[in-house]
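Working notes, structure below.
We use all heavy atoms of the structure for the numbers below, so side chains are in, but hydrogens, waters and symmetry mates are not.
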Amino acid sequence: MAVGLYIHIPFCARKCAYCSFYSLPGGRQQRADYLRALGRHIALWGQRCSGETVDSIYFGGGTPSLLADDIPAVLDAVRRHFNVAAGCEISMECNPATIAPHQYNALRKAGVDRLSFGVQSTCDAQLVQLGRLHTVQQAKDSLLDARAAGFSDLSVDFMLGLPGQQVQAADDMAAFLHETRPTHISAYMLKLEPGTPLYAQKDALDLPDEDAVADLYLAAVQAFSQLGYDQYEISNFARPGRRCVHNMKYWQLEDYIGIGPAAHSLYRGRRCYYPSDLSAFLGGGLELLRHEGRSDLEEYCMLRLRLTDGLDVSAASRQLRSGRLPPDPDIDLAAVTGRAAPLAAAGLVLVQGSRVSLTPAGFLLSNAITAKLLFG
């Protein structure tokens with residue numbers, strides 16, 4: 001089976017007020033040093049994974065669009081050291097404030113065929129509060145410019161549960177989508193992380209309560225559906241045939257290799273990651289990797305239940321019998337569909353033969369439902 005490749009760009013023009021991910025400003029020399037180190041690590045992984053075919057490449061961050069002019073050279077390095085499949089999905093995250101229209105053609109020529117824009121909100125005041133550098137109009141213009149340059153696979157990120165946000169925000173998002181016509185949507189709940197500016201301000205923020213956020217989520221799911229976007233994961237929606245290939249690898253425990261500080265990998269059933277340390281990455285090799293052990297049955301089930309395709313109990317049992325997953329004495333797969341019955345009656349899950357999946361209402365209670373299904 002082909003592997004995915006995640007390439008981390010750890011630089012941001014400015015850190016957003018909600019962000020707890022590893023990123024830093026990075027001057028010109030530091031960025032040049034990083035690109036050289038990135039090429040070296042790509043070569044090292046290519047040696048370790050000799051003969052592997054790559055069918056998805058994802059540039060994440062940070063803000064990859066800060067280095068948009070350098071992405072073609074990075075892709076050249078990938079092609080030198082990996083067998084890149086014909087039709088490989090090549091995605092890049094973009095901040096509308098850090099990419100210019102003239103850069104799209106070079107990215108397309110290099111093979112990038114999917115752009116993901118961090119829009120986050122359709123309200124300018126909220127964008128300011130979040131520390132974003134773009135306006136709503138800039139986000140619209142970026143999507144339209146990308147489409148004019150020939151990109152047909154475009155994704156947008158929205159955040160739900162923002163300060164002052166009400167259920168009517170679903171209509172505003174729908175209007176934005178109708179005008180810009182992306183093929184994919186990610187709509188994430190705001191989570192205030194310790195150490196971020198928004199967390200420090202949380203007591204003064206006009207945050208919607210849990211019921212209001214739930215109403216907004218369900219309204220957004222319905223609005224997206226009416227526009228032709230099918231929900232395929234708790235927070236992800238796509239037009240038919242436009243699911244993100246790379247992210248599906250995460251949720252289906254398929255092999256992917258992450259390169260860059262704080263990047264994680266799952267390769268041949270075992271997890272590892274780079275420390276969140278740019279200096280170490282610049283000077284080190286694969287000895288930096290920290291190992292976390294094998295994927296297990298609980299992780300397999302939890303990730304499958306994030307998807308609208310759900311958990312197929314029969315398929316999970318086959319994974320156990322084949323030895324691809326270690327057994328878990330605390331999980332009785334044979335009991336899952338029985339435990340799902342009362343949840344189905346409450347409209348929280350669907351049961352179709354040996355397959356159990358959560359409904360949109362169930363996704364709002366996904367942690368509790370998953371625990372109930374797996375552990376009783």
**Prompt:** Is there a donor-acceptor pair closer than 3.5 Å between any side-chain N or O of Ser65 and the backbone N or O of Ala68?
**Reply:** no

**Prompt:** Could you state the interatomic distance from CZ (Arg108) to CZ (Phe151), rounded to the nearest 0.5 Å?
**Reply:** 6.5 Å

**Asked** Can you name the salt bridge (charged side-chain N to carboxylate O under 4.0 Å, His left out) partners of Arg304, sequence neighbours left out?
**Response** none

**Asked** So, does His81 use its side chain to make a donor-acceptor pair with the main chain of Arg40 at under 3.5 Å?
**Response** no

**Prompt:** Just wondering, more than 12 heavy atoms not from Lys191 lying within 6.0 Å of its NZ?
**Reply:** no

**Request:** Tell me, please, which residues at least two apart from Tyr250 pass ring-ring contact (aromatic ring centres under 6.0 Å, His included).
**Result:** His246, Tyr256

**Item:** Main-chain N/O of Gly118 paired to Arg132 side chain as donor or acceptor, under 3.5 Å
**Value:** yes

**Cluster companions of Leu207 among Ile, Leu, Val, Met, Phe, Trp, Tyr (side-chain spacing under 4.5 Å)** = Tyr18, Leu130, Met159, Leu162, Leu190, Leu192, Leu198, Tyr199, Leu205

**Request:** State plainly whether one hydrophobic cluster holds both Leu374 and Leu350, where clusters connect Ile, Leu, Val, Met, Phe, Trp and Tyr through side-chain heavy atoms under 4.5 angstrom apart.
**Result:** no

**Asked** Would you call the rings of Phe158 and Phe224 parallel, tilted or perpendicular, where under 30° means parallel and over 60° means perpendicular?
**Response** parallel

**Asked** Atom CZ of Arg242 and atom CG of Leu154: how far apart are they, to the nearest 0.5 Å?
**Response** 9.0 Å

**Asked** Do Ser116 and Ser91 have a side chain donor and acceptor closer than 3.5 Å?
**Response** no

**Transitive ILVMFWY side-chain link Leu307 to Leu311, under 4.5 Å** = yes

**Request:** Indicate if Met92 and Leu67 have the same hydrophobic cluster label, given that clusters are the connected sets of ILVMFWY residues with side-chain heavy-atom separations under 4.5 angstrom.
**Result:** yes

**Qualifying residues under salt bridge (charged side-chain N to carboxylate O under 4.0 Å, His left out), relative to Glu233, sequence neighbours excluded** = Arg306

**Single-linkage hydrophobic cluster, 4.5 Å side-chain cutoff, Leu38 and Leu286 together** = yes

**For Glu93, salt bridge (charged side-chain N to carboxylate O under 4.0 Å, His left out) partners two or more places apart** = none

**Gln222 (side chain) donor-acceptor with Leu218 (main chain) under 3.5 angstrom** = no

**Asked** Does the Arg294 side chain pair with the main chain of Arg324, one donor and one acceptor, at a distance under 3.5 Å?
**Response** yes

**Item:** Residues forming a side-chain contact (heavy atoms from CB on, under 4.5 Å) with Ala340, sequence neighbours excluded
**Value:** Val349, Val351, Val356, Leu373

**Prompt:** If you draw the axis of the six-membered ring of Tyr229, does the NZ or CZ of Arg239 fall within 45° of it and under 6.0 Å from the ring centre?
**Reply:** yes

**Message:** For Tyr34 and Phe281, take the angle between the two ring planes, folded into 0 to 90°, and tell me which bin it lands in: parallel under 30, tilted 30 to 60, perpendicular over 60.
**Reply:** tilted

**Asked** Looking at side-chain heavy atoms only, is the closest gap between Leu333 and Cys301 below 4.5 Å?
**Response** yes

**Request:** Could you verify whether a donor N or O on one side chain and an acceptor N or O on the other, from His8 and Tyr274, lie under 3.5 Å apart?
**Result:** no

